[in-house]
2 protein chains.
Amino acid sequence: MNRVLVVDDEPQIVRALVINLKARKYEVDAAADGATALRLAAARHPDVIVLDLGLPDMDGVEVIKGLRGWTRVPILVLSARQTSDEKVEALDAGADDYVTKPFGMDELLARLRAAVRRAEPAGQPDDSVVVETETFTVDLAAKKAHRDGRDVRLTPTEWHLLEVLVRNAGRLVSQKQLLQEVWGPSYGTESNYLRVYMAQLRRKLETDPSHPRHFITEPGMGYRFER
Amino acid sequence: MNRVLVVDDEPQIVRALVINLKARKYEVDAAADGATALRLAAARHPDVIVLDLGLPDMDGVEVIKGLRGWTRVPILVLSARQTSDEKVEALDAGADDYVTKPFGMDELLARLRAAVRRAEPAGQPDDSVVVETETFTVDLAAKKAHRDGRDVRLTPTEWHLLEVLVRNAGRLVSQKQLLQEVWGPSYGTESNYLRVYMAQLRRKLETDPSHPRHFITEPGMGYRFER
DNA sequence: CGCCCTCTTGACGCATCTCTGACGCCGGGC
DNA sequence: GCCCGGCGTCAGAGATGCGTCAAGAGGGCG
């Protein structure tokens with residue numbers, strides 16, 4: 001669910017945009033002048049701004065500069081003016097895109113999607129997907145396991161197995177599913193692999209490997225990771 | 001100095017773009033068909049791509065998808081076709097902007113600047129461009145590595161590899177990802193390259209290259225930079 | 001034209017990981 | 001009380017991956 005701020009002083013344009021955006025599951029705020037736009041942008045932190053340049057109270061380029069002073073939110077400029085100078089000025093002031101009126105709604109929405117998409121963090125450097133137990137910690141993004149203040153070295157197969165279990169934390173994962181996810185679709189029955197590698201994981205991560213508290217065996221069915 | 005890849009099969013357009021771009025201190029590569037474009041994009045790592053959709057050998061959208069498979073480099077589409085469908089398709093395939101021919105050079109350049117600008121890393125307060133370890137220092141912005149008070153000379157490939165690792169500090173980076181980011185999308189398996197260059201980096205930056213403390217090998221999975 | 005820096009490529013030894021079989025334990029069914 | 005299937009453990013053999021060295025190819029620059 002993305003939030004959009006629509007800034008335009010023509011009510012019918014705002015109405016058309018709001019209807020179309022809401023139909024596509026955007027959250028929409030609207031402003032009819034520059035001052036309101038700046039206030040709403042600060043208050044609501046939209047993911048993208050659609051900005052008409054012809055506002056009653058201030059120059060559109062000033063709005064762009066005001067925004068760019070503190071945020072990199074994508075700004076999609078909407079304008080009736082087609083001259084090249086206008087476009088260059090708005091783009092160089094910090095706008096991300098420039099669409100001239102009259103515009104096609106499909107195109108505008110596509111440009112909006114493009115703006116939102118590229119604003120999304122790449123591989124999110126900080127999206128640490130960390131799962132903790134009282135004994136150890138698993139960071140799925142960094143591919144790191146931690147225990148007693150030290151890193152635990154895991155082999156690729158061990159990691160893969162751990163990953164499947166952790167992603168299904170609390171749920172039972174069948175032997176067949178584990179085998180097929182880790183070893184490939186043709187390995188449905190080699191449950192001895194599982195026994196060996198579950199033992200490795202327990203030895204490396206459990207406090208008392210022979211009485212596992214987190215890697216639980218469900219006899220005849222599969223295994224379960226319990227945090 | 002930014003690098004631009006211009007892709008168009010009309011020589012006069014290419015010529016006009018190359019002249020204008022070079023006059024503005026861009027480094028320019030040019031391709032007349034999709035295959036060349038993909039190859040050059042991989043080899044030269046441009047900062048932005050200007051792509052004509054009407055190529056002789058493949059559909060422009062396919063070129064976009066081919067690029068988006070491994071890079072987020074800004075793509076500015078140039079096309080004679082004005083229909084909304086074309087634009088939507090190209091934008092949703094991953095293009096960043098769409099300009100119809102005939103285009104104004106000023107506007108195109110402004111859109112190019114906008115594309116490059118927003119692709120630049122956000123100057124966030126906490127993401128310092130300098131990364132330090134107790135042994136050496138890496139300045140990502142200045143493209144310099146420092147050790148024992150002296151600059152360390154790195155070849156382009158060494159630097160590229162170091163950059164990818166440092167940007168993902170603490171996280172495991174898979175061999176495939178490293179190869180594709182440094183050598184291009186078609187190098188997913190040549191792990192011998194990695195071994196050679198990791199050895200170089202270690203020899204130049206580690207205190208004891210045979211017992212690396214910062215460039216950690218995770219056997220079978222990839223490498224990790226630890227500060 | 002020739003030098004030098006880089007990148008690529010192959011070969012080798014070594015460490016590690018994966019697979020495999022054997023064995024013992026435990027609980028449930030007969 | 002015995003049998004049997006499923007599970008945990010161990011250790012060895014083979015396969016794979018890694019670090020290292022060295023030589024050749026390619027390109028830029030004087």
Side-chain angles (χ1 to χ4, degrees), chain A residues 143 145 151-163 165 172-176 178-179 181-184 186-224, chain B residues 27 29 39-40 42-45 143 145 151-162 165 172-176 178-184 186-224:
Chain A
K143 286 217 193 313
D151 284 353
V152 180
R153 281 189 52 85
L154 295 178
T155 72
T157 311
E158 287 162 8
W159 248 112
H160 208 153
L161 183 58
L162 176 62
E163 209 171 332
L165 286 168
L172 172 71
V173 189
S174 74
Q175 304 199 5
K176 187 171 179 179
L178 283 171
L179 283 164
E181 288 231 30
V182 177
W183 279 270
S186 55
Y187 292 73
T189 57
E190 283 82 345
S191 60
N192 47 327
Y193 291 17
L194 276 182
R195 291 205 292 278
V196 172
Y197 278 90
M198 285 302 305
Q200 310 258 52
L201 279 184
R202 284 168 175 158
R203 193 169 338 122
K204 291 185 178 180
L205 296 176
E206 291 273 7
T207 311
D208 181 359
S210 53
H211 298 92
R213 293 183 50 186
H214 302 106
F215 300 99
I216 316 291
T217 304
E218 302 279 0
M221 311 189 57
Y223 294 86
R224 176 202 313 278
Chain B
E27 267 182 68
D29 296 310
R39 193 169 47 72
L40 279 180
R44 308 274 292 166
H45 289 277
K143 289 211 187 300
D151 280 356
V152 179
R153 274 190 50 83
L154 294 178
T155 72
T157 309
E158 287 163 7
W159 180 261
H160 204 154
L161 181 59
L162 176 62
L165 286 168
L172 174 74
V173 188
S174 75
Q175 307 198 13
K176 189 171 178 179
L178 284 170
L179 283 165
Q180 296 198 337
E181 288 228 29
V182 176
W183 279 271
S186 57
Y187 292 75
T189 57
E190 280 81 346
S191 60
N192 47 326
Y193 289 18
L194 275 182
R195 292 205 292 276
V196 172
Y197 277 89
M198 285 302 305
Q200 312 257 53
L201 279 183
R202 284 169 175 157
R203 196 170 330 127
K204 291 185 178 180
L205 295 176
E206 291 272 6
T207 311
D208 180 359
S210 54
H211 299 92
R213 293 185 50 187
H214 304 290
F215 299 99
I216 315 290
T217 304
E218 300 281 1
M221 311 208 292
Y223 294 86
R224 178 201 312 279

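Residue numbers begin at 1 in each chain, while the letters A, B, ... track the order of the sequences.
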### Partner residues of B:His214 under the ring-ring contact (aromatic ring centres under 6.0 Å, His included) criterion, sequence neighbours left out
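If we apply the ring-ring contact (aromatic ring centres under 6.0 Å, His included) test to B:His214, skipping adjacent residues, the hits are B:Phe136.
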Nearest whole angstrom, please: distance from the [atom2] of [N] to the [atom1] of [X].
X        : N      : atom1 : atom2 : answer
A:Met198 : D:dT9  : CE    : P     : 10 Å
B:Leu194 : C:dC7  : CG    : P     : 14 Å
A:Gln200 : C:dT18 : CD    : C1'   : 9 Å
B:Leu179 : C:dT8  : CG    : P     : 11 Å
A:Phe215 : D:dC7  : CZ    : C1'   : 17 Å
A:Leu161 : C:dT18 : CG    : P     : 11 Å
B:Leu201 : D:dC18 : CG    : C1'   : 16 Å
A:Arg202 : D:dC10 : CZ    : P     : 13 Å

### Query
Looking only at heavy atoms, which two atoms of A:Leu205 and A:Ala145 are closest? And how far apart?
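Minimum heavy-atom separation between A:Leu205 and A:Ala145: CD2-CB, 4.4 Å.
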#### Entry: Shortest non-hydrogen contact between A:Leu154 and A:Trp159, atoms and distance
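Nearest heavy atoms, A:Leu154 then A:Trp159: CB-CD1, 3.5 Å.
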### Task
Give, for atom OG1 of B:Thr157 and atom CG of B:Leu162, the distance between the pair rounded to the nearest 0.5 Å.
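If we round to the nearest 0.5 Å, B:Thr157:OG1 and B:Leu162:CG are 12.0 Å apart.
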Is any side-chain N or O of [X] closer than 4.0 Å to OP1 or OP2 of [N]?
X        : N      : result
A:Gln175 : D:dC7  : yes
B:Thr217 : D:dG19 : yes
A:Arg153 : C:dC17 : yes

Qualifying residues under salt bridge (charged side-chain N to carboxylate O under 4.0 Å, His left out), relative to [X], sequence neighbours excluded:
X        : result
B:Asp208 : none
B:Arg39  : none
A:Glu206 : none
B:Lys143 : B:Glu163

### Query
Under the side-chain hydrogen bond (donor to acceptor under 3.5 Å, both in side chains) test, which residues partner A:Arg213, sequence neighbours left out?
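Expected list: A:Glu134.
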### Query
Taking only residues two or more places apart in sequence, or in another chain, which ones meet B:Glu158 in a side-chain hydrogen bond (donor to acceptor under 3.5 Å, both in side chains)?
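If we apply the side-chain hydrogen bond (donor to acceptor under 3.5 Å, both in side chains) test to B:Glu158, skipping adjacent residues, the hits are B:Lys204.
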### Task
Between B:Pro219 and B:Glu158, just flag the one whose closest nucleotide in DNA chain C comes earlier from the 5' side.
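Its nucleotide being nearer the 5' end, the pick is B:Glu158.
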### Within residues 203-212 of chain A, residues whose heavy atoms come under 4.0 Å of DNA chain D
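Those residues are A:Ser210.
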### Query
Counting side-chain heavy atoms from CB outward, which of D:dG19, C:dT6, C:dC17 is closest to B:Thr155?
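That would be C:dT6.
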Check the interface with nucleotides 19-25 of chain C: list each N/O to N/O pair with the protein under 3.5 Å, or write none.
residue, atom, partner, partner atom, Å
C:dC19, OP2, A:Trp183, NE1, 2.8
C:dT20, OP2, A:Tyr193, OH, 2.3

### Query
Does B:Ser186 have any side-chain contact (heavy atoms from CB on, under 4.5 Å) partners at least two apart in sequence or in another chain, and if so, which?
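For B:Ser186 there are no side-chain contact (heavy atoms from CB on, under 4.5 Å) partners, ignoring immediate neighbours.
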Please enumerate all protein N or O atoms sitting under 3.5 Å from an N or O of nucleotides 26-30 of chain C, with distances to 0.1 Å.
none

Quiz: residues 188-203 of chain B side-chain donor-acceptor pairs under 3.5 angstrom, not counting sequence neighbours:
residue, atom, partner, partner atom, Å
B:Arg202, NE, B:Phe215, O, 3.1
B:Arg202, NH2, B:Phe215, O, 2.7
B:Arg202, NH2, B:Thr217, OG1, 2.6

